[in-house]
Participant: 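This structure is in structure tokens; I'll ask about it shortly.
Lettering follows sequence order; numbering is per chain, from 1.
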Amino acid sequence: MTDATDPRDHERDGESPEYSVEIDDLVVRFDGDGTADDGGGTNDGDESGVTAVDGVSLSVREGEFLVLVGPSGCGKTTTLRSVAGLETPTEGAIRIDGADVTGRDPRERDVSMVFQNYALYPHKTVRGNLAFPLAVRKVPDETIEKRVAATARSLGIEELLDRKPGQLSGGQQQRVALGRAIVREPTVFLMDEPLSNLDAKLRVRTRREIAALHRRVGKTTVYVTHDQAEAMTLGDRIAVMRGGRVQQVGPPEHLYAEPANRFVAGFLGDPATNFRDGILLTDPARVETDRFTVDLADERAARLADRLDDSAGGSESRPSDSGSRPSDVTLGVRPEDLRVRAIGDSDDGDDEGPAVAARPIVVEPLGSETVVSLVFEDGNGREEFEPVADPGSDPGDLTAVVDPDRAPSVGERVTVSIPPDSVHVFDRRTGENLTSAPDPER
Amino acid sequence: MTDGNERVSYATRKRFWGVASGRVVRHLTIALGLVTVLAPIAWLVLTSLKTGQGVFEPRYVPRDPTLEAYRRVLVEAEFWKAVLNSLVVSSVTTVIVVALAVPAGYAFSRFRFPFDDAIFVGVIFSRLFPPIGIIVPYYQGIAALGLLDTRVGIIVAHIYLWLPLMVYIMRNFFLTVPQAVDEAALVDGCTRLQAFRHVVLPLARPGVAAVCILTFLYSWREFLFAFMISETLSAKPIAVAVYSFVGEVTVNWEELAAAAVVAIIPTMLVVVFFQRYVVSGLTAGALRGR
């Protein structure tokens with residue numbers, strides 16, 4: 001599932017460090033008491049610990065902005081902290097600019113980090129905070145003064161220089177934390193959820209500033225967040241993590257369009273992808289659910305056939321009829337790909353795919369778009385919004401995003417059509433996407 | 001509007017609490033508390049200014065205020081030696097306790113090491129253990145080392161008595177400094193030791209001050225161990241020396257009072273000037289970064 005190319009290949013090719021940061025089969029296991037098990041000494045077979053990072057390999061190109069994203073506890077922060085040198089890997093290696101830094105102290109790595117709660121030095125002024133990384137490194141005073149002034153100017157915090165962190169607002173503290181990270185001009189910036197303590201409006205604004213800052217400074221950045229919107233907007237590439245493993249790495253658009261598995265499809269995008277269990281039939285390739293059947297578009301059907309041939313060739317063959325191989329799959333389709341039309345309204349002639357009768361139970365106008373939760377229209381379906389036990393699940397059977405001008409109202413009868421070229425077919429057992437395009441060469 | 005259970009009307013209750021929490025009542029209460037605390041001290045000071053006969057005269061203010069008692073206590077009875085002993089014992093104890101409690105508290109607040117919890121419980125337990133329970137073995141140990149009637153013997157006892165509590169207080173202070181601040185310093189280029197010195201220690205400075213002051217005060221007033229170890233004025237601190245003015249047959253009240261006033265003065269100065277730190281030390285952990 002991990003599809004990062006093996007960074008060792010590049011190292012063998014030559015010594016020129018094409019990658020700023022290389023993480024190689026990183027494993028971080030914590031003992032029961034929360035200390036990182038450094039793997040040295042006796043291995044007492046302690047299984048009480050937690051494996052926070054379980055074999056992560058990633059390489060970050062010079063100047064690239066890589067976002068580690070995933071739900072809490074997926075190991076993204078531990079991975080970042082391992083790069084910083086704040087966690088000791090149990091196994092694996094970390095290289096910065098081609099040099100193995102695995103056992104080195106944080107100060108010997110030439111990285112700087114922005115912490116979630118900023119971790120400013122409360123007893124120092126803003127000036128003192130900005131100057132500290134330079135002063136510790138015995139940079140001459142005149143240089144420090146110049147660099148601090150330039151950094152403060154670039155972040156618009158000049159008038160705050162003589163205040164203490166306690167006198168600053170959250171957004172201002174955040175800028176000072178950014179400033180402290182960039183003032184030293186390190187090889188790599190590490191950012192651990194730097195926006196999560198800001199309110200929504202400020203978060204979006206600071207997000208743009210970070211993007212602009214990265215464009216201006218052009219430094220390699222590894223950024224951790226649980227917010228898929230941050231990941232999508234900031235990352236040159238995104239690594240989606242779950243359970244200590246990388247699920248997929250690639251440019252945001254690619255991950256969005258061609259998720260490698262069901263988890264990635266569900267995690268990226270808001271509202272989340274619609275999933276519906278079904279059975280895969282071939283000749284022609286189609287997925288049959290209890291409500292509708294989708295014929296797969298040619299391109300996807302071809303990829304599907306390739307995958308199935310591959311796996312059938314292996315020893316791990318799935319239960320199958322020889323002729324048409326039905327297997328348990330899950331269909332995934334993004335809310336914005338669904339077409340919702342009032343019954344009888346058929347101005348969009350070019351729509352293909354199955355159309356299902358449905359009824360909106362919740363309509364949420366967001367201004368530029370409207371989110372509609374729908375239930376299938378057939379006697380035994382739910383007629384109205386009913387609270388469900390799992391607050392994370394969708395209120396209806398399907399969620400669609402529609403143009404506000406053409407949004408249906410609650411209770412109105414509509415048809416929902418599912419364009420075949422926008423559906424993904426996931427193996428229900430492994431979650432693997434059977435129809436996605438291969439990840440681009442990196 | 002009347003509630004069956006409401007025997008006293010809202011208006012009456014409001015009036016009652018208006019008076020009860022009003023300025024007059026509040027100030028009266030405070031004044032009463034102050035008198036309770038200050039009256040004995042005032043009496044002590046007045047007594048110390050009287051003569052031997054004047055003590056028994058039925059009046060509060062001495063007829064001829066005199067510092068004679070102070071002269072006799074400090075000079076003739078060589079009480080100044082006790083003052084010196086106390087200063088030496090308390091200062092040395094404070095320096096050693098702080099030097100040990102600060103790194104120990106930092107270690108307990110930041111690092112995991114084998115048996116760390118067990119060791120910390122041991123530290124706390126040694127504080128909870130009634131000191132009188134070990135006074136006999138301690139006496140024998142000090143005697144075996146030839147430290148009876150020496151300041152060193154008392155200092156060792158005081159370190160034993162106060163170090164655990166101070167380790168605990170320092171640990172709590174260090175816990176109020178977020179670990180991310182240490183980590184930021186490490187990433188910014190510090191060694192562990194530099195991070196401690198430049199970032200963590202300055203933030204825990206109120207804690208260090210509190211530990212200094214508390215150790216000094218506690219050591220200054222400690223009686224039991226000092227009483228047991230010291231015999232002569234070569235080691236006797238003030239707390240013990242004051243007691244020696246209580247004779248076999250008679251009590252020299254004016255001298256006892258003068259000695260007691262001398263013993264109180266440093267404590268009062270410390271509390272007056274460092275009140276803030278004393279309070280924050282006693283409520284360790286409640287202190288927030290400014």
Participant: A side-chain contact here means heavy atoms from C-beta on lying under 4.5 Å apart; do B:V187 and A:R107 qualify?
Facilitator: no
Participant: For B:R205, does the CZ atom sit with more than 12 other heavy atoms under 6.0 Å from it, leaving out its own atoms?
Facilitator: no
Participant: Heavy-atom distance under 4.5 Å to chain B: side chain of A:N117, backbone, both or neither?
Facilitator: side chain
Participant: Using a cut-off of 6.0 Å, state whether more than 12 heavy atoms not belonging to B:L224 lie near its atom CG.
Facilitator: yes
Participant: Quick one, A:Y121 and B:H198 - any side-chain contact, counting heavy atoms below 4.5 Å?
Facilitator: no
Participant: Does any backbone or side-chain atom of A:K164 lie under 4.5 Å from a heavy atom of chain B? Answer side chain, backbone, both or neither.
Facilitator: neither
Participant: Roughly how far, to the nearest 0.5 Å, is CG of B:L201 from NE2 of A:H123?
Facilitator: 9.5 Å
Participant: Within a radius of less than 6.0 Å around CZ of B:F273, do more than 12 heavy atoms belonging to other residues, nucleotides or ligands occur?
Facilitator: no
Participant: First locate atom CG of B:D188, then atom CZ of A:R184, and finally report the distance between them rounded to the nearest 0.5 Å.
Facilitator: 6.0 Å
Participant: Any non-hydrogen side-chain atom of A:L86 less than 4.5 Å from a side-chain atom of B:L186?
Facilitator: yes
Participant: State whether the number of non-hydrogen atoms from other residues, nucleotides or ligands found under 6.0 Å of A:E145 atom CD is greater than 12.
Facilitator: no
Participant: Are more than 12 heavy atoms from other residues, nucleotides or ligands located less than 6.0 Å from atom CZ of B:F108?
Facilitator: yes
Participant: Under a 4.5 Å cut-off applied to non-hydrogen side-chain atoms, are A:F115 and B:P178 in contact?
Facilitator: no
Participant: Measure A:L134 against the heavy atoms of chain B and call it side chain, backbone, both or neither at under 4.5 Å.
Facilitator: neither
Participant: Would the number of heavy atoms belonging to other residues, nucleotides or ligands and lying under 6.0 Å from CZ of B:F120 be above 12?
Facilitator: yes
Participant: Which atoms of A:R81 are under 4.5 Å from chain B, going by heavy atoms: the side chain, the backbone, both sets, or neither?
Facilitator: side chain
Participant: Could you have a look at A:P133, A:A177, A:A84, A:P106 and say which one has the most heavy-atom pairs with chain B under 4.5 angstrom?
Facilitator: A:P133
Participant: Kindly check if the number of other-residue, nucleotide or ligand heavy atoms within 6.0 Å of CZ (B:R197) is above 12?
Facilitator: no
Participant: Of the backbone (N, CA, C, O) and the side chain (C-beta and beyond), which part of B:E183 lies under 4.5 Å from a heavy atom of chain A, both, or neither?
Facilitator: both
Participant: Taking all heavy atoms of B:V181 and all of A:A119, pick out the closest pair and write down the distance.
Facilitator: N-CB, 4.0 Å
